[in-house]
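Every chain is numbered from 1 and lettered A, B, ... according to where its sequence line falls, protein lines coming before strand lines.
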2 protein chains.
Amino acid sequence: MPPVKSRPVDKYDRRRDELAESALLTLGEMGYARASLREIAGNSPFSHGVVHYYFQDKTELVIYSVRYYKARCVTRYDAVVRDSESAVELVEAFADKLAQTIRDEAPMHRLWYDLRTQSMFEEPLRAAITEIDAALEAMIWRVVTRYATLAGATPSTPAPTAYAMLDGLFQQALLAYTTAGEPVLDGLAAQVRIVMPLLAR
Amino acid sequence: MPPVKSRPVDKYDRRRDELAESALLTLGEMGYARASLREIAGNSPFSHGVVHYYFQDKTELVIYSVRYYKARCVTRYDAVVRDSESAVELVEAFADKLAQTIRDEAPMHRLWYDLRTQSMFEEPLRAAITEIDAALEAMIWRVVTRYATLAGATPSTPAPTAYAMLDGLFQQALLAYTTAGEPVLDGLAAQVRIVMPLLAR
DNA sequence: GCCTTCGCTTGACACTTGTCAAGAAAACTT
DNA sequence: AAGTTTTCTTGACAAGTGTCAAGCGAAGGC
C-alpha cells in the first residue's frame, strides 16, 4: 500500500513527478488513447506495475502529468510581458516564443489538444482540463492587455474571445507543423503580427 | 469477397454509406479511440464482421465516414452567404447557424476535432483531414469575403488566419457547450458579432 | 433445378489493455 | 542483526480489440 501517513511525502511526490515526466514522454509521442501503461513504464526506470502504487488508475496519472506540465507553461510569456517596452517589441517577442514552443515542445502541445478533445467524451477529464484552459486564457489575456497598454489602446474583445482566436491560430500552426515542419513557423509569426493589432484598438 | 468488377456499384456504395451513417453515430458519441467495430456494428442493422466486407480496416471506415459527413457540411453557410443582403444580416445569420449546428450536431463536431487531433499522432489520417480542413477553410473564407463585400471593406487577414480564429471560437464554444449546454450558445453569437467586424475593414 | 456468386453471420485467432495480488528486494527502525 | 515497513517486480486475470476464415442462406444465371 502507498504510505498513508508517512512523513516523507516529498519522496513520494518526487516519484510521482518522475513517473509523470516519463508518462509525458510517451503520451506526447503516442497520444492519450494509444499510450498504454506498459509503454509508459517502458520509457521509465520502473516496471509497469508501479503505476498503481503511485496512482489509482490511468486517468489519475494522466491528469497528474498534464497538470504537472502545464503548471510550468502558464508562465511562458510572462517574461515577454514584463520585458517588452513597446507594442511592436511585444508582438515580435510573443510571436517568437509561440514559434519556439512549437519547435521545442510539439509533442506536449499535441497531447494537450488531445486531452482537451477527449474531455468532451470522458467526463473524468473535464475538471482538470477546464481549470488548465482557464489558466491558459489568463496567460494569453496578460499578453493582450499588456499589448493594448503599450499600444495606447484597449482590447477589442473579451478575454475568452482573444484566447479562443489565438489558440485557434496556434493549433492550426501545430497541425501544419506536424506535416510540413519548420517552414510553417514563419507563417505563424506573420499571422500573429497581423492579428495582434486587431485585438486592441 | 467484395464484388471486384460487378455492375451494381451503387448498391455496394449505398451499403458503405449506410455503414458510415451508423459508424458516425457511435464515433460521435464515444470518440475515435473508444468506438470499437463491435460497438459500431451494434448501432447498425449488421453484425460486426460486415465491416471487413465493405472496408479494408477500421481506418478506412472512419475516413470514409468522416468524409461522408463533411461532404454535406462544407455547404452549411452557403445559403447565408447567398441570401444575406447586408453585413449585419450576414453576421446574424452566420452566428445563428453556428450556434444551431452545435445544438444539432455536437457529437459530429466533437468527432471532427477528435480526428483532426488524432491525425497529429496517426499518419494515415492526415491526408483526409488536411483535405477536409482545406474545404472548411474555403467555406469560412466565402463567408468572410462576402461579409467584407457587404461591408464595403476588405478582409484584414488571409484565409487561413480567418479560418483558424473562427475555428478557435467555434471549438471553444463546443467545449463549453459540452459541459454547460445551451447558455453557451448566446455567448458564441455575441463573440461572432464582435469578431466579424475585425476581420474586414 | 443445379451451381456459382454475393451478402452477411458466426465464432475464433492473436494480441493488447487496465488492474491487482503475491511476493521479492530495499530501506529504515530499533 | 532482526524485524518492519516501504518500494518495486512479476505474473496473472478478465475483458476487450481488430482481423479474418469458414460457412450459411438467398439471388441470379444457366
Residues Arg110(A) and Thr178(A): side-chain donor-acceptor under 3.5 angstrom: yes

Contact under 4.0 Å: Arg15(A) side-chain N or O vs dC8(D) OP1/OP2: yes

Parallel, tilted or perpendicular: rings of Tyr12(A) and Tyr54(A) (30°, 60°): tilted

Nearest-angstrom distance from the residue atom CD of Glu18(A) to C1' of dT7(D): 13 Å

Distance, rounded to the nearest Å, where Glu60(B) contributes CD and dT19(D) contributes P: 10 Å

Protein proximity profile, nucleotides 9-16 of chain D - base contact B, sugar-phosphate-only contact S, no contact -, cut-off 4.0 Å on heavy atoms: BBBB----

Residue from Arg14(A), Arg15(A), Arg16(A) passing salt bridge (Lys or Arg N to Asp or Glu O under 4.0 Å) with Glu18(A): Arg15(A)

Ser84(A) and Arg146(A) side chains, donor-acceptor separation under 3.5 Å: no

Between dA21(D) (P) and His52(B) (NE2): distance, integer Å: 11 Å

Exceeds 12 heavy-atom contacts within 6.0 angstrom, atom CZ of Arg67(A): yes

Separation of dG18(D) C1' from Arg34(A) CZ (nearest whole Å): 13 Å

Glu39(A) or Gln56(A), whichever maps to the more 5' nucleotide of DNA chain C: Glu39(A)

Leu37(B) CG - dG18(D) P separation (whole Å): 4 Å

Contact check, side chains of Pro160(B) and Gln191(A), non-hydrogen atoms, under 4.5 Å: yes

Tyr32(A) OH - dT17(C) P separation (whole Å): 14 Å

Check: Asn43(B)/Thr26(B) side-chain N/O donor and acceptor closer than 3.5 Å: yes

Listed partners of Asp17(B) passing side chain to side chain contact (heavy atoms under 4.5 Å, CB included), at least two apart: Tyr64(B), Tyr68(B)

Under-3.5 Å N/O pairs linking protein and nucleotides 23-25 of chain D:
none

Separation of dT7(D) C1' from Lys11(A) NZ (nearest whole Å): 10 Å

Plane angle bin for Phe170(A) and His109(A) - parallel if under 30°, tilted between 30 and 60°, otherwise perpendicular: perpendicular

Protein-nucleotide distance (Tyr12(B), atom OH; dT5(C), atom C1'), rounded to Å: 15 Å

